[in-house]
There are 2 protein chains.
Amino acid sequence: MSNNHILVIEDDLQISQFLQSSLKANGYHTLCAHTIAEGKRLLSANKPALLILDLNLPDGDGRELISYVRLNSDIPILVLSARQAEQEKVDCFNDGADDYLAKPFGVNELLARVKVALKRTAMMSLRDDVYHVGELTIDTINSTVLLNEQPVHLTPIEFKLLFILVTKPGKVFTHRQLLTDVWGAEYVDDTHYLRIHMGRLRARLEKTPATPRYILTEAGIGYRLTAT
Amino acid sequence: MSNNHILVIEDDLQISQFLQSSLKANGYHTLCAHTIAEGKRLLSANKPALLILDLNLPDGDGRELISYVRLNSDIPILVLSARQAEQEKVDCFNDGADDYLAKPFGVNELLARVKVALKRTAMMSLRDDVYHVGELTIDTINSTVLLNEQPVHLTPIEFKLLFILVTKPGKVFTHRQLLTDVWGAEYVDDTHYLRIHMGRLRARLEKTPATPRYILTEAGIGYRLTAT
DNA sequence: GGCTGGGTGTATCAATCACATAAACAAAAT
DNA sequence: ATTTTGTTTATGTGATTGATACACCCAGCC
């Protein structure tokens, strides 16, 4: 799932190193990119928990990256910029940034804002360990599923899919979200895999897979679990 | 239940009024306090959705209020302060503030940060963009529509049409607008598509499709939704 | 009145699309 | 060795949409 690294995208080597050492000194694991392209790669490969993004990068506008990330992730984005212009701040927030820090900034403020952002995602994903939906019991710690008290065996991919769905019962997860979360961003178009594996999941969980009670499909959009 | 008001605690009358009118102009409901004591009262009485807090108040340190609020609430707190000192910022964040804005600040930045904070709590509670029009409930995140609490199934095109209309209830959307938004610019002249799909939409939403209550026709112009 | 015509609603049917499922097999993981 | 996964091909089904045709209402007008 989501790693607990912080990805820093910053082309100024000095600042980059400074940020990394400060973050490391405070117990965070860091990843580092110097271009947008490199950042995208690390994002999908490592699924960091937070993104610190300098706007001014050699191979494009950082704002483009914000929108790109927001296509399939809710990861907090903290924007750094040399510019003070209010409009730029507003634009970034509209694109989906979570915070904006203008240079020069103090490390301690940065660290405090990082901490707040991470605390928030921790709060959000304060998931229960065991979910109950109908006759289903899903234990996310032991990765086990019970149907009518009977254990059901799921393959890793099947469990990942069910796990995503069960974190927010009733919420529709788009094909895009599911594919990027389970397979990776480069599989966004392979809805076929989704169909096949959802089918296999249904075969295990539903008495009548043709008329599913738990895993509902939203045609043209994605899938969701029945709300309790 | 949490109300959808924003509580502004600020003793400077001029700034206070300015904040209130800016917020109201952007569609937020506001409450206003000038002291910590008053703020506490309004907090427990009204359970606002967000707190904008000036640190410098006549009857005590604002930071004390942050800790107080955090005893029993996760409501986002946006701190305003005349001071730029980094240590103060860090302290506020440690106390539980969500954001910190040093004066002088631009209104637009403030509004953007307010929006981000509220979007975040909306994300947490899963109930995102939900519109209510008469007996209709339209959830634009989960792409679901309720009529009298009963779920109504819409096709993608139907939902797109309804979605456009519901963003500005009462506003007339021209054939042209609707066609380009849903089908694409090259379909501007195919008004009959609109007629057909609006008809199907009515069949699903209206008890008496012949005398529509929600989807109204503006002959020669376009369609609109009844204003609430 | 009866005729006309633009803008509109709606019924019907066929083409297309999205989805579910199956099967088969190689590759990869355990 | 066995399970799991990736990949392809095929098929059936039901929902969605597009296309056509027809009915309607309300003007204005002879």
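Just so it is clear, the values below take in all heavy atoms, side chains as well, and ignore hydrogens, waters and symmetry mates.
Proximity of A/His175 to the phosphate of C/dC19: a side-chain N or O atom is located under 4.0 Å from OP1 or OP2. In this structure, A/Arg195 reaches the C/dC19 phosphate: one of its side-chain N or O atoms is under 4.0 Å from OP1 or OP2. Close to C/dG7, at under 4.0 Å from its OP1 or OP2, lies no side-chain N or O of B/Tyr223. Phosphate contact (OP1/OP2 of D/dT17, side-chain N/O of B/Thr155, threshold under 4.0 Å): present.
A cation-pi contact links A/Lys171 to A/Phe173, judged by a cut-off of 6.0 Å to the six-membered ring centre and 45° from its axis. No cation-pi contact links A/Lys115 to B/Phe93, judged by a cut-off of 6.0 Å to the six-membered ring centre and 45° from its axis.
A/Phe159 comes within 4.0 angstrom of no nucleic acid atom, judged by non-hydrogen atoms across all strands. Using a 4.0 Å heavy-atom criterion, one finds that B/Tyr187 contacts no nucleic acid atom at all. B/Glu218 comes within contact range of the sugar-phosphate backbone alone, with a heavy-atom separation under 4.0 Å but no base atom that close. Among the protein residues, A/His192 comes within range of the nucleic acid bases, having at least one heavy atom under 4.0 Å from a base atom. Counting non-hydrogen atoms under 4.0 angstrom, B/Arg202 reaches the backbone sugars and phosphates but no base. Residue contacts for A/Thr217: at a heavy-atom cut-off of 4.0 Å it reaches the sugar-phosphate backbone alone, with no base atom in range. Residue A/Ile157 is classed as a sugar-phosphate contact, given heavy-atom separations below 4.0 Å to backbone atoms only.
One can place CZ of A/Arg204 at 10 Å from C1' of D/dT3, the figure rounded to the nearest angstrom. Distance CG (B/Leu194) to P (C/dG9): 10 Å, rounded to an integer number of Å. Atom NE2 in B/His153 sits roughly 14 Å away from atom P in C/dA18 (whole-Å rounding). Residue B/Leu161 contributes atom CG, which lies 13 Å from atom P of C/dG9 at whole-angstrom precision. When rounded to the nearest whole Å, the span between CG of B/Leu205 and P of C/dG9 equals 15 Å. Regarding B/Leu201, its CG atom lies at a distance of 16 Å from the C1' atom of D/dA15, rounded to whole Å. Distance A/His197 NE2 to D/dT8 P: 13 Å, rounded to the nearest Å. The distance from atom OH of B/Tyr193 to atom C1' of C/dT8 is 17 Å, rounded to the nearest whole Å.
The backbone N or O of A/Gly199 sits nowhere less than 3.5 Å from a side-chain atom of A/Arg204 that would complete a donor-acceptor pair. A donor-acceptor contact shorter than 3.5 Å is absent between the side chain of A/Asp139 and the backbone of A/Thr144. A donor-acceptor distance shorter than 3.5 angstrom exists from the side chain of B/Glu206 to the backbone of B/Arg213, with no hydrogens or angles considered.
You'll find that the side chain of B/Pro156 is closest to D/dT16, out of C/dG7, D/dT8, D/dT16. Closest to the A/Arg200 side chain, of the nucleotides D/dT17, C/dA24, D/dT4, is C/dA24. The listed nucleotides are D/dT16, C/dT8, D/dG6; the one nearest the side chain of A/Trp183 is D/dG6.
For the residue pair B/Leu147 and B/Leu205, the shortest heavy atom distance occurs at CD2-O, 3.4 Å.
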